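Here is the structure we will look at, set down as structure tokens.
Quantities reported herein were computed from a predicted structural model and do not represent experimental measurements. Just so we're on the same page: letters track the sequence lines, and every chain starts at 1.
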Protein chains: 2
Amino acid sequence: MSKPAARIRLADAAFALFDERGYEQTTVDEIAERAGVGRTTFFRHYRSKEDVIFPDHDRLLALIKDRLATSSHSTGLIAVSDAVRLVLLHYIEEGDLARRRYRLTSKVAVLRDREIASVARYQRLFREFIAEWMGDPTESASLRAELMAASVVAAHNHVLRRWLRGETSDPVAEMDEAMREVLALFPAPSGAGDPGDAGTTLVAFRTGQDLDALLPSLRRLVEGGAER
Amino acid sequence: MSKPAARIRLADAAFALFDERGYEQTTVDEIAERAGVGRTTFFRHYRSKEDVIFPDHDRLLALIKDRLATSSHSTGLIAVSDAVRLVLLHYIEEGDLARRRYRLTSKVAVLRDREIASVARYQRLFREFIAEWMGDPTESASLRAELMAASVVAAHNHVLRRWLRGETSDPVAEMDEAMREVLALFPAPSGAGDPGDAGTTLVAFRTGQDLDALLPSLRRLVEGGAER
DNA sequence: AAGTCAATGGTACTGAGTACCGTCTATATG
DNA sequence: CATATAGACGGTACTCAGTACCATTGACTT
């Protein structure tokens with residue numbers, strides 16, 4: 001009854017103490033003591049002191065991996081930009097807890113680094129997925145996959161941080177918008193199937209830009225990057 | 001004479017031991033002992049055990065910051081993609097040392113995380129620089145700055161890793177090429193100054209893509225992102 | 001009642017990082 | 001030449017995270 005699973009009490013005690021005295025000034029002993037358990041029990045529930053704050057990154061990463069494995073989208077980039085929503089949704093579900101964590105990571109360098117390392121794992125997963133999806137072993141395709149993964153993650157982080165700071169009330173919509181922005185960066189290639197039926201003819205317009213500066217963009221716009 | 005600055009001996013001893021027995025299996029005492037100095041001296045030269053491997057990230061970061069501060073380029077993105085070359089050049093200058101470090105970071109998770117955290121600091125610096133350069137506080141501009149910084153860093157990492165793995169003989173040329181790719185992702189806006197003199201008129205061409213899919217790209221192509 | 005399993009608590013250890021202090025050496029200064 | 005001063009060094013002792021091991025408890029089964 002008065003024992004809500006110890007694990008919860010440990011997390012509560014940890015966050016409380018971190019707020020009161022700061023992360024580095026709090027010892028594991030103190031956390032365990034306030035939670036009313038032994039030091040050993042702490043390490044049985046959390047692998048490390050940092051782990052109290054980032055409990056389920058592993059689980060979330062596995063979830064994403066799963067989503068990617070079972071996803072059927074028209075391009076790798078779209079599949080990834082879809083999967084990354086899970087991360088945002090997870091944070092939103094955590095609610096206030098996520099915000100407390102954000103306040104901590106903003107102040108403590110060690111925790112910020114840890115958070116960054118976690119994000120890098122998502123990015124790596126995305127990069128590998130996109131690269132595999134493209135099935136193109138060229139160096140240029142590899143770079144492209146890297147840029148796509150980095151962009152998706154950057155866009156996600158951008159929206160997530162805005163939400164964590166309370167700067168937006170509809171993060172999901174913003175995420176959609178941001179992902180559209182990312183997709184626009186990497187225009188899909190023209191369909192290989194007969195280009196005669198559905199298609200678009202651009203007529204004419206004038207821009208102040210130099211032609212040389214414009215050419216690479218135009219080429220990419222029409223030929224597409226190389227996905228599929 | 002036989003005392004080449006202790007600091008060097010410590011680094012040599014550390015790398016040798018890390019190669020022989022692995023990073024985690026090597027204690028600071030052992031490093032100090034092989035270098036023929038006391039444990040205290042080790043910590044006097046390097047703040048931590050990891051620091052032996054990443055000695056001058058701080059210095060490099062300051063160098064970049066300086067380069068950005070004194071740079072005069074046409075856009076923030078170009079300034080940043082120029083500054084990031086310094087990082088590549090630094091690694092190339094290190095030569096074999098950089099490769100040994102890469103082999104270590106590939107195997108040891110703690111070191112990889114540390115490396116990633118360092119890179120994130122560059123990225124943050126770039127993001128702030130670009131954002132300030134744009135001087136546009138809109139949310140969309142902020143996202144754009146984030147995407148640009150992430151892309152530059154991703155492209156840099158891509159080329160750097162290729163060089164570290166010995167997959168390229170001319171990393172500088174590849175970096176230039178990769179940066180062109182990044183610049184093409186973010187087309188420069190049409191000049192604000194009279195759009196009548198220099199300019200380009202696109203005439204017409206046909207693509208298999210759907211118009212809706214094409215529109216956002218077209219808009220960005222003409223209106224430019226918002227830089228300046 | 002005896003046995004089993006999981007969760008717990010305690011003790012002892014390793015190793016990183018910090019603080020402090022005494023020593024040595026080189027160089028300057030009388 | 002003798003002495004003073006500063007900087008680099010070595011050693012000791014401490015804190016704290018994380019690991020290993022063992023003994024205890026308590027609930028639930030047979």
Check the side chains of B:Tyr102 and B:Arg161 for a donor-acceptor pair under 3.5 angstrom, ignoring hydrogens and angles. no
Closest nucleotide among D:dC9, C:dG9, C:dG17 to the A:Val37 side chain: C:dG9
Figure out the CG/C1' separation between B:Leu10 and D:dG10, and round it to whole Å. 13 Å
Heavy-atom nearest pair, B:Val52 first then B:Leu10, reads CG1-O, 4.4 Å
Can you sort out the partners of A:Ala16 under side chain to side chain contact (heavy atoms under 4.5 Å, CB included), two or more places apart, ordered by chain and number? A:Glu20, A:Arg34
Report, one line per pair, each donor and acceptor closer than 3.5 Å where one atom sits in a side chain of residues 115-122 of chain A; sequence neighbours left out.
from: A:Glu115; atom 1: OE2; to: A:Tyr91; atom 2: OH; distance (Å): 3.0
from: A:Ser118; atom 1: OG; to: A:His57; atom 2: ND1; distance (Å): 3.2
from: A:Ser118; atom 1: OG; to: A:Arg114; atom 2: O; distance (Å): 3.2
from: A:Arg121; atom 1: NH2; to: B:Asp113; atom 2: OD1; distance (Å): 3.3
from: A:Arg121; atom 1: NH2; to: B:Asp113; atom 2: OD2; distance (Å): 3.4

Nearest of D:dT19, D:dG10, C:dG9 to any side-chain atom of A:Thr41? C:dG9
What I want to check is whether an N or O donor and acceptor connect the side chain of A:Arg44 with the base of C:dG9 at under 3.5 Å. yes
Has the side chain of B:Arg39 got a donor or acceptor that lies under 3.5 Å from a partner of the other kind on the base of C:dG15? no
How many Å lie between CD1 on B:Ile8 and C1' on D:dA8, as a whole number? 16 Å
Could you identify which residues of residues 48-56 of chain B place a heavy atom less than 4.0 Å from some atom of DNA chain C, listed by residue number, or say none? B:Ser48, B:Lys49
Roughly how bent is the helix from C:dA1-D:dT30 to C:dG30-D:dC1 end to end, in steps of 10 degrees, with each end axis from five pairs? 20°
Length of the line joining B:Arg9:CZ and D:dG10:C1', which is rounded to integer Å: 14 Å
Distance-only polar pair, side chains of A:His158 and A:Glu174, donor-acceptor under 3.5 Å: no
Rounded to the nearest Å, what distance is computed from the CG atom of residue A:Leu111 to the P atom of nucleotide D:dA17? 13 Å
Using a cut-off of 4.0 Å on non-hydrogen atoms, how would the nucleic acid contact of A:Thr40 be classed: base, sugar-phosphate, or nothing? base
With a 4.0 Å heavy-atom cut-off, tell me which residues in residues 22-31 of chain B come close to DNA chain C, sorted by residue number. B:Thr26, B:Thr27, B:Val28
Minimum heavy-atom separation for B:Ala79 to B:Leu68, with atom names? O-CD2, 3.8 Å
A:Arg47, CZ atom: more than 12 neighbouring heavy atoms under 6.0 Å: no
For residues 19-39 of chain A, the ring pair (Phe, Tyr, Trp, His ring centres under 6.0 Å) pairs (sequence neighbours left out) are A:Phe18-A:Tyr23
If only atom types and distance count, is the side chain of A:Arg67 paired as donor or acceptor with the main-chain N or O of A:Ala83 below 3.5 Å? no
Decide yes or no for B:Asp19 and B:Arg100: does some side-chain heavy atom of the first lie under 4.5 Å from some side-chain heavy atom of the second? yes
Grab the CD-P distance between A:Glu33 and D:dC16 for me, whole Å please. 13 Å
Would you name the heavy atoms of A:Arg112 and A:Ser106 that are closest together and state the gap between them? NH1-O, 3.1 Å
A:Gly38 vs B:Arg47, nearer the 5' end of DNA chain C by closest nucleotide: A:Gly38
A:His45 vs C:dT8: side-chain N/O to OP1/OP2 distance below 4.0 Å: yes
Checking A:Arg85 against A:Asp176 for the salt bridge (charged side-chain N to carboxylate O under 4.0 Å, His left out) test, could you report, in this order, the C-alpha distance in whole Å, the side-chain angles of both residues, the deciding distance, and whether it holds? CA-CA 9 Å; A:Arg85 302 167 117 264; A:Asp176 290 343; 2.6 Å; yes
